[in-house]
Structure formats: C-alpha cells, structure tokens
There are 2 protein chains.
Amino acid sequence: MSRSLDEKQFLENYDIHQYDVPLTSVDVVVFTIINEQVHVLINQRSDFPFKNKWATPGGFIDLKKDKSIDDTAKRKLKEKTGYDAPYLEQMGSIGNAKRDPRGWSVTVTYFALVNADNVTFGEDCKWCGLNDEGETGEKLAFDHNELIKDAFERLRNKAQYSTIVLHVLPEKFTLSELQNSYEIILGGKLNKAGFRRRILKANVIEELEGESKQTATRTAQLYRKVDDEEVHFYMREIYAR
Amino acid sequence: MSRSLDEKQFLENYDIHQYDVPLTSVDVVVFTIINEQVHVLINQRSDFPFKNKWATPGGFIDLKKDKSIDDTAKRKLKEKTGYDAPYLEQMGSIGNAKRDPRGWSVTVTYFALVNADNVTFGEDCKWCGLNDEGETGEKLAFDHNELIKDAFERLRNKAQYSTIVLHVLPEKFTLSELQNSYEIILGGKLNKAGFRRRILKANVIEELEGESKQTATRTAQLYRKVDDEEVHFYMREIYAR
DNA sequence: CTAATAGTGTCTCTTAGACAATATATT
DNA sequence: AATATATTGTCTAAGAGACACTATTAG
C-alpha cells in the first residue's frame, strides 16, 4: 500500500523540466520516381536553426496531438504533402550530441514511398533527384544528406526481396512499368521472364480484365495492386545487372 | 551576415526546458541460450516508477557521458553485465503517450546476443526463460513484455537468413553445438548436411586445427568465429521443421 | 511488311531439403 | 562388436538467370 502511495507521490512531483533531456524529433524520407529517376521530397525550413535551408520533412512530437510516434510521422507527411496513407515504415533512430546545434538530439527516421501524382505541395517543398549513390547534390540541413543516403540504401536493399516498389506506381500499371520501376531503384536491368514469374506468384497484383494500355507498339495488360496492403517478402533475393 | 547573427542569437537563447518534450530512453533486450532454452536478461528497478518490478536493462541518455545513442545502449549493458562488446543492434523505437506513467515517452530499443558464460551480474539482474512465443511468464514493467516478444520475433526472423546465432556460442564450439543453437532459436529441427554446407560456405567460422571436443560418442571438430565481426546474410532463408 | 515492345517457353545454375552411407570414439 | 554421434555424398525440388521464340499493334 505505502509503496503505491509513494509511487503516486513520485508521479505527482515528477517534472521532466528538471532534467537534462535530448531533443526528440521525427524525420521522413519520401521517395518517388520522376522521369526515370529516384527523387526525395525536401522542405525549406522556416525557422532556426538552418533557417531557409532545405531538409527532409519532419519535426517535433506534438504531445497533445500525437498519440504515438507513428502519428507524428503521418502528421508531418500529411502537413507537407496533403497525402494520407502511403507506404510509411520506421527505419531507425539517430541520436548524438553533434547533429543539432541546439544540443543533444535524437531523431526517429521513417521512409515513405509514394506515387508522385498523388502528392501536392507548396513553395516550401520540392522533389530532388538522387544519383546512384543516393546523393542529392545539395547541402541539406543537419545530417540529412547522410540520412537520405542511408534511406536510399535501405530502399534498394528491400527492393531486392520484397514487393515494396509497388507503392511508387499509380493505380493502374503494366508489368513493364513495374519492372522499369524496380530497375530504376535497383540501378540495373532485370530478367523479364523471371521478374514476371516472381511478381505474379506473389499474388500482390491482379489483372484488370479487358483493360490494356496503348504503348508505342502493341498494347499491354493493365494490373492493379491487390487490396491487401501487405508487402510480400520473397525467400530469395534478385540481382540487377 | 545578419542571418547568421540571428541564428547565433537564436541558439544562445534556446532553452529546451521551455518546451513540452517527451521522455527519451534506451532499452536493451539481451538474449542468450541456457539449458537448451532462450533466455533474456531482466533487471529489478531501483527507482520509481515500477520500483522493484523487473524490466529490460535500460535508462536515460546521459547527455554528458554519451556521445551517441549507441553509446547509451553500450553503457547500460556494461553497467549491468560487465560485458563490453557483444553483438548489439538497434531494433527500432517505440513512442506513445501511454507507455510511461510519467508522460509521453520514446524508447530506442536494441537487442543483444551474448554467451551466458561471459556475463556477470549482481542481485538486481537475472536470466528469464522464454517460451516459444517469446513470453517470460512474468509481468514486467512498462510495455517490456511486448518489447521482448517483438525482439524475439526479430531474432528468430534474422536467424533464418544470417549467421547472427554465432554470437551466443563460446569461443570454441562444434558444428553440432552451433546447429543446436540455431534449432533452439528457430524452434525446430534443421537438416544436418544442408546446415553444414551453408555455414561453411559463409566463411564466418574456421576449423581449429587439431582441436576436437569429446562428446558422448566420438570426437567433434572444434571451430571458432572468424575475426571479422560482420554478420553474414544468405540469399535464401532456411526453415526449421 | 517492318519495327518495337509484350508476353512465354525452356534450359541451366545455385542452393536448400531429404536421406542414407561412412567414420570414429566410447562402452 | 554395439551404439551413438560426427561427417560426407548424392538425389531432388524450387526458383532465379539467360536466352530465344512467338504475339500484337502502329506506321
């Protein structure tokens, strides 16, 4: 009894402001494909530090609005892009004394995959192309160049053994378009017959009966993602050559 | 010029104590194998909240001592076990308003794999066996039952396609002992010939020439881990039956 | 008809799983 | 010699890579 009274008392008197605590934030690396190239979304900072510099979308947890850290990531993404439920996955956390000039900082990082046509944003955001090493060519705020590079590596890695790439495609797409997206992300060519076998066996897409797309030469069958939001994982990896 | 002066001023006046921030901590799930069973290390809490309850080792970042979040995890592990550089990997972060009675809390979670013989600890720590579902049978502090369950799932998953299990073995071991450890973690039997082919091809262990171990019947060749601290990833998963 | 891309058939290669044969200590 | 476990050999199966063949549509 007295122990739980003690605990009650402890909690009533607890004040986090008495302690030296780190800054804790969230960052989201949003990937898409535009003009046969991987792009990430960057956002121009409106406040210090790094005011007016470009950075990945993110910010602090709102202890009132956000029920969980995933909520924070979703909220930030929605605020910047008006986009609601794309593929969003927690990637990891970076925390050290140097990354933020304000002091010791921890950021929980996420990465998202979106179809560019579904995203709208204002003057403070833009898409930024990545080279084969995951580099933007711009000097971003904080350690965000590094962050994007790591996220790109993770994306490329995961594309080797999952159906994750589906999320950059529009509602309807052909198998050639899907393969092309894989090739852009993986940075090499895939075997056509093998790719088709693999993706069809995974049961993550379905034919749109009677719907086909005009290409430069003959028509191609259109497909869509199966309702099920899950990512399929293969037992073997593929290699792009 | 004036912009950077502004930023300098901003940083001089910045005080995190003016903001509503979450608690940010680190938790480490330490796995080992004892008596043919997976165990995790738990620690009896000395302070509120959940005073005297058992929990995974962890705690707050020390902004003075810790240069990075990995340092925090290593320090906590060292404090509890006297053990310095086992296999330690960041797993992910859990953050929500409910998990800590003190308020909004984020914890960066790690998992470690150790050989039990290398670990020493006092009265405030103990090993706790896990069942096939990753359950301890004890009611732990915070959401740590859930945390251990998730970590166990991750461990089991990773054992299917990596050499991670090597880290629970002592300096010298036989292939049968290694296979046995995999089987305990995976919760099923593996094919002997296939297992040996796979592990030997990965070049992560080497024969100790002339050294063998007496078993109940014939002797078995002893092996050790190759210096290289890296974990090897296979291109295909294995299944325990 | 020709060009170009869509779509398929089939052979090979790698590696895991099954299963059994052989090797070697201990008793 | 009998037993039990260590160690190896070999066949099968699944799935990826290579490559070529067929199908279809615009021009």
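Chain naming here is simple, since letters A, B, ... match the order of the sequence lines and numbering starts at 1 in each. Because only heavy atoms are used, hydrogens play no part in the values below, and waters and symmetry mates are left out as well, while side chains stay in.
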Inset, instruction - Please state whether the phosphate of C:dG7, meaning OP1 or OP2, lies under 4.0 angstrom from any side-chain nitrogen or oxygen of A:Lys192. - result: no
Inset, instruction - For residues A:Val231 and A:Ile164, report the shortest heavy-atom separation together with the two atoms involved. - result: CG1-N, 4.0 Å
Inset, instruction - Mind calculating the distance between CD (A:Gln160) and C1' (D:dG15) to the nearest angstrom? - result: 16 Å
Inset, instruction - Answer with base, sugar-phosphate or nothing: what part of the nucleic acid does A:Tyr239 contact at a heavy-atom distance below 4.0 Å? - result: sugar-phosphate
Legend entry - side-chain N/O A:Gln221 vs C:dA6 OP1/OP2, d < 4.0 Å: no
Legend entry - Any side-chain donor near an acceptor of the partner, B:Thr109 and B:Asp27, under 3.5 Å: no
Under 3.5 Å, which protein N or O atoms sit close to an N or O of nucleotides 9-11 of chain D? Give each pair with its distance.
residue	atom	partner	partner atom	Å
D:dT10	O4	B:Arg197	NH1	3.2

Legend entry - Nearest heavy atoms of A:Ile148 and A:Leu140, plus distance in Å: CD1-CD1, 3.4 Å
Legend entry - For atom NZ of A:Lys189 and atom C1' of C:dT5, their distance in whole Å: 13 Å
Legend entry - Atom-to-atom span, CZ of B:Arg218 to C1' of C:dT24 - whole angstrom: 5 Å
Inset, instruction - Measure the distance from NZ on A:Lys213 to P on D:dT24 and round it to the nearest whole Å. - result: 21 Å
Inset, instruction - Give one of base, sugar-phosphate or nothing for A:Arg196, where a contact means two heavy atoms less than 4.0 Å apart. - result: base
Legend entry - Atom CD of A:Glu171 with >12 non-hydrogen neighbours under 6.0 angstrom: no
Legend entry - Residue-phosphate contact under 4.0 Å: A:Ser176 side-chain N/O, C:dA6 OP1/OP2: yes
Legend entry - side-chain N/O A:Thr219 vs D:dT25 OP1/OP2, d < 4.0 Å: yes
Inset, instruction - Can you see which heavy atom on B:Phe152 is nearest to which on B:Glu133, and at what distance? - result: CD2-C, 4.1 Å
Legend entry - More than 12 heavy atoms of other groups within 6.0 Å of B:Lys126 NZ: yes
Legend entry - B:Lys158: which of B:Glu153, B:Glu89, B:Glu237 passes salt bridge (Lys or Arg N to Asp or Glu O under 4.0 Å): B:Glu89
Inset, instruction - For A:Gln214 and C:dA4, give me the distance from atom CD to atom C1', rounded to whole Å. - result: 14 Å
Inset, instruction - Figure out the CD1/C1' separation between A:Ile199 and C:dG7, and round it to whole Å. - result: 16 Å
Inset, instruction - State whether the distance check finds a donor on one side and an acceptor on the other, under 3.5 Å, for side chain A:Arg236 versus base D:dA16. - result: no
Legend entry - Interatomic distance where CG belongs to B:Leu190 and P belongs to D:dA6 [whole Å]: 14 Å
Legend entry - Atom-pair distance (CZ on A:Arg198; C1' on D:dA18), nearest Å: 16 Å
